[in-house]
Q: 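Would you mind keeping the following structure in view while I ask a few things?
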Amino acid sequence: EGRDLLMGAMERGDLRTARAADLGYLASSVGEDQLAMASFDRARANGELAASAAVDAGYTAKRQFENRKAIDYLAYAFDRGIAADSRFDQQRLFDMRREAADLLRVWGINASLSYGKVGAAPNPFSNVIPTSRYTGQLGTEFYYRPETFGNRNGATFELFGRLFQTLYEQNGGPTGASTTQGMVGARWKPFSNHNLVLEIDRLLQALIRRATARWNHN
């Protein structure tokens, strides 16, 4: 209903004297992001864009998958003193900086160190108690997120490579380079607001073991 009212007012010319920044805010609030983006761009070109309106412009650009423009508008907001605006507390300012950093991200690395008990789950129909042991494992992942389509308003696509290695085995089992497992693949998070991730990958354990054995032999 709000969108219909806005577009009707635009067609009648009722808003021809409205400030571009105000029109951008109105259009953004009813989901007319293309009109909002054009209005914010015009307001900035005319020197009429306030810091708080630049924040709205940044998130509008993000929804339009224009990540570079989104980052530029958020940087503009900070340059214009958004941190001094009492309507923006420290948590919100931190979220904005993190948002800009995530939009810029193309390469990344994740690492994990785990320690715990592994083994077969107990079988309620058997009197045999499965063996289990404590192990420690190091995992590292490198990923690449294509700049042009890797982040579309929170829907992401990434290529990755992973390495896992056992550092400790309670029963004296293999550790070190001989336990290294590798994996390459791709993952896709198709929805911005839902944490559903689809992944396809390939285990490279045998290849890595042959490479490790050749390295040790040399």
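FYI, side chains are in, hydrogens and waters are out, and symmetry mates aren't considered; it's all heavy atoms of this structure.
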Q: Checking side-chain contact (heavy atoms from CB on, under 4.5 Å) for the pair Arg133/Lys117: CA distance, chi angles, key distance, verdict?
A: CA-CA 5 Å; Arg133 63 200 187 280; Lys117 182 175 287 189; over 6 Å; no

Q: Can you see which heavy atom on Ala43 is nearest to which on Ala21, and at what distance?
A: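 Smallest interatomic distance, heavy atoms only, reads CB-N, 3.6 Å.
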
Q: So which atom in Ala100 and which in Leu74 form the shortest heavy-atom distance, rounded to 0.1 Å?
A: CB-CD1, 4.2 Å

Q: Begin from the C-alpha positions of Tyr144 and Phe160 and carry the test ring-ring contact (aromatic ring centres under 6.0 Å, His included) through to its verdict.
A: CA-CA 6 Å; Tyr144 167 66; Phe160 64 84; over 10 Å; no

Q: If Ile, Leu, Val, Met, Phe, Trp and Tyr residues are connected whenever their side-chain heavy atoms lie under 4.5 Å apart, and connections chain through other members, are Val30 and Leu23 in the same group?
A: yes

Q: According to a hydrophobic-cluster definition based on side-chain heavy atoms being under 4.5 Å apart (Ile, Leu, Val, Met, Phe, Trp, Tyr only), do Val197 and Ile200 belong together?
A: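 Unlinked, Val197 and Ile200 end up in two clusters.
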
Q: Which heavy atom of Arg145 sits nearest to which heavy atom of Glu158, and what is that distance?
A: NH2-OE2, 2.6 Å

Q: For the pair Asp72 (side chain) and Arg68 (backbone), establish whether a donor and an acceptor sit closer than 3.5 Å, ignoring hydrogens and angles.
A: no

Q: Evaluate the side-chain proximity of Val184 to Leu159: yes if any heavy-atom separation is below 4.5 Å, no if none is.
A: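 With C-beta onward as the side chain, the pair stays apart.
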
Q: Ring-plane angle category for Tyr134 and Tyr115, please: parallel below 30°, perpendicular beyond 60°, tilted otherwise.
A: parallel

Q: Less than 4.5 Å apart, any side-chain heavy atom of Glu141 and any of Phe164?
A: no

Q: Is there a side-chain contact between Asp95 and Gln91 (heavy atoms, below 4.5 Å)?
A: yes

Q: Within the 4.5 Å heavy-atom criterion, are Phe149 and Phe157 side-chain neighbours or not?
A: yes

Q: Leu103 versus Lys69: any side-chain heavy-atom pair under 4.5 Å?
A: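 Contact flag for Leu103/Lys69 side chains = no.
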
Q: Heavy atoms only: give me the nearest Leu6-Leu15 pair and the separation to one decimal.
A: CD1-CD1, 3.5 Å

Q: Using modelled atom types only, decide if a donor and an acceptor are shared between the side chain of Ser28 and the backbone of Gly24 within a distance under 3.5 Å.
A: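 Side chain of Ser28 to backbone of Gly24, a donor-acceptor pair under 3.5 Å: no, none is there.
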
Q: Just by distance, do the side chain of Asn67 and the backbone of Glu147 share a donor-acceptor pair under 3.5 Å?
A: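 No.
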
Q: Under 4.5 Å between any side-chain heavy atoms of Phe40 and Thr60, yes or no?
A: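 When only atoms from C-beta onward are counted, Thr60 and Phe40 do touch, with a gap below 4.5 Å.
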
Q: Mark yes when over 12 heavy atoms from residues, nucleotides or ligands other than Phe88 sit less than 6.0 Å from its CZ; otherwise mark no.
A: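 It does: Phe88 CZ has more than 12 such atoms within range.
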
Q: Check Ala77 against Val55 and note the closest heavy-atom contact, atom names and distance.
A: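 Minimum heavy-atom separation between Ala77 and Val55: CB-CG2, 3.8 Å.
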
Q: Could you tell me if the side chain of Met183 sits less than 4.5 Å from the side chain of Leu204, heavy atoms only?
A: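 No, every pair of side-chain atoms sits at 4.5 Å or beyond.
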
Q: Does Asp85 pair with Arg92 as a salt bridge, N-O distance under 4.0 Å?
A: no

Q: Got a salt bridge between Asp41 and Arg44, using NZ or NE/NH1/NH2 to carboxylate O under 4.0 Å?
A: no

Q: Can you tell me if Glu169 uses its side chain to pair, donor with acceptor, with the backbone of Asn171 under 3.5 Å?
A: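 Confirmed, Glu169 side chain pairs with Asn171 backbone.
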
Q: Do other residues, nucleotides or ligands put more than 12 heavy atoms under 6.0 Å from the CD1 atom of Ile109?
A: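 More than 12 within 6.0 Å, yes.
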
Q: Where is the tightest heavy-atom contact between Ala155 and Pro190, given as atom of each residue plus distance?
A: CB-O, 3.7 Å

Q: In terms of hydrophobic clusters joined by side-chain contacts under 4.5 Å, are Tyr59 and Met37 together?
A: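 Unlinked, Tyr59 and Met37 end up in two clusters.
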
Q: Determine, for Lys62 against Glu99, whether the closest basic-nitrogen to carboxylate-oxygen distance falls under 4.0 angstrom.
A: yes

Q: Is it true that Arg187 and Asp201 have a side-chain N and a carboxylate O under 4.0 angstrom from each other?
A: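 Here Arg187 does not pair with Asp201 in a salt bridge, since their nearest N and O are not under 4.0 Å apart.
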
Q: Other residues, nucleotides and ligands only: do more than 12 of their heavy atoms fall within 6.0 Å of OH on Tyr143?
A: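 Yes, OH of Tyr143 has more than 12 neighbouring heavy atoms, counting only those of other groups under 6.0 Å.
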
Q: Check the pair Asn153 / Phe65 against side-chain contact (heavy atoms from CB on, under 4.5 Å), numbers first and verdict last.
A: CA-CA 6 Å; Asn153 192 27; Phe65 313 140; 3.8 Å; yes

Q: Ion pair present between Arg162 and Glu199, side-chain N to carboxylate O less than 4.0 angstrom?
A: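 The answer is yes: the pair qualifies as a salt bridge.
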
Q: Looking only at atom types and distance, does a side-chain atom of Lys189 sit under 3.5 Å from a main-chain N or O of Ser192, one as donor and one as acceptor?
A: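 Here the side-chain-to-backbone pair exists.
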
Q: Going from CG on Leu167 to OG1 on Thr135, what distance comes out if it is rounded to the nearest 0.5 angstrom?
A: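 Rounded to the nearest 0.5 Å, the CG-OG1 separation comes to 9.5 Å.
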
Q: Using a distance-only test with no angle check, is there a side-chain donor-acceptor pair under 3.5 angstrom linking Gln165 and Thr180?
A: yes

Q: Answer yes or no: is there a donor N or O on one side and an acceptor on the other, between the side chain of Thr179 and the main chain of Thr166, under 3.5 Å?
A: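 Between the backbone of Thr166 and the side chain of Thr179 there is a qualifying donor-acceptor contact (under 3.5 Å).
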
Q: So, taking the atom named OG1 in Thr140 and the one named CG in Asn110, what distance separates them when rounded to the nearest 0.5 Å?
A: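 The distance works out to 9.5 Å.
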
Q: What's the spacing between Arg19 CZ and Leu26 CG if we round to 0.5 Å?
A: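 Output value for this atom pair is 11.5 Å.
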
Q: Does a side-chain heavy-atom distance below 4.5 Å link Phe78 with Arg97?
A: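 Yes, at least one pair of side-chain atoms sits under 4.5 Å.
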
Q: Using only atom types and a distance under 3.5 Å, with no angle test, would you say the side chain of Tyr76 pairs donor to acceptor with the backbone of Leu49?
A: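 Yes.
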
